[in-house]
Number of protein chains: 2
Amino acid sequence: MYVILVYDIGEQRVGRMLKLCRRYLNWIQNSVFEGEITEVKLKELKLRATQIMNDEEDSLIIFSTRDEKWLDKQVLGKELNSLDNFI
Amino acid sequence: MYVILVYDIGEQRVGRMLKLCRRYLNWIQNSVFEGEITEVKLKELKLRATQIMNDEEDSLIIFSTRDEKWLDKQVLGKELNSLDNFI
């Protein structure tokens, strides 16, 4: 399936969450990831994410669709590739 | 059509962008919005967003699908409603 993952995570935990999400998905904006992933891998990612998160402060939303073809994407402004170089 | 909008905007401009996006879509996470919108309204939103944005620093990504039914959404952690109360 194809997913879009967005998070809002406290500063103390955001580095670990970024590292985790990049192992499974493509990083496309500060706190936004997308990519093709299996149900099993997504379950694993969610489990690991909840281990990092503080439930009262942090939020993680996953949109999923069976096939990327149902989604259209438009980017205005800066593309992340330029930001990627600083990491 | 149904859209998910995510932005990464410089601090000086983020208040204006938040206000703009809330006029058109539902705010679901710090810099994430979703909702049903017509093509005409989306065009208007994009035009106004580009007037706020600094192209070299800011990024705005819009995912769209013809029908919300193609998208599934899962929320882990805090839901925005609680945050909404502070605004």
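Chain letters run A, B, ... following the sequence lines, proteins first, then strands; residues in each count from 1.
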So for Val32(B), is it side chain, backbone, both, or neither that comes closer than 4.5 Å to the heavy atoms of chain A? side chain
Could you report the tightest heavy-atom contact between Gln29(A) and Ile61(B), atom names first, then the distance? NE2-CG1, 3.7 Å
The complete set of ring pair (Phe, Tyr, Trp, His ring centres under 6.0 Å) pairs with one or both residues in residues 40-69 of chain B, sequence neighbours excluded, reads none
Assert top hit (heavy-atom pairs under 4.5 Å, partner chain A, pool Leu71(B), Ile62(B), Val3(B), Asp67(B)) equals Ile62(B)
Side chain / backbone / both / neither for Ile4(A) at chain B, heavy atoms under 4.5 Å: side chain
Under 4.5 Å from any heavy atom of chain A - which part of Glu57(B): backbone
Find out if a path of hydrophobic residues (ILVMFWY) with successive side-chain heavy-atom gaps under 4.5 Å connects Leu25(B) to Tyr2(B). no
Residue-level interface, residues 41-56 of chain A with chain B, non-hydrogen cut-off under 4.5 Å: Lys46(A), Thr50(A), Met53(A), Asp55(A), Glu56(A)
Verdict with supporting geometry, Val75(A) and Leu60(B), side chain to side chain contact (heavy atoms under 4.5 Å, CB included): CA-CA 6 Å; Val75(A) 181; Leu60(B) 184 136; over 6 Å; no
Evaluate the side-chain proximity of Ile28(A) to Val6(B): yes if any heavy-atom separation is below 4.5 Å, no if none is. no
With distance as the sole test, does Thr65(A) use its side chain to make a donor-acceptor pair with the main-chain N or O of Trp70(B) at under 3.5 Å? yes
Most heavy-atom pairs under 4.5 Å with chain B, out of Gly77(A), Ser64(A), Ser31(A), belong to Ser64(A)
What distance do Asp58(A) atom CG and Asn30(B) atom CG have between them, rounded to the nearest 0.5 Å? 11.5 Å
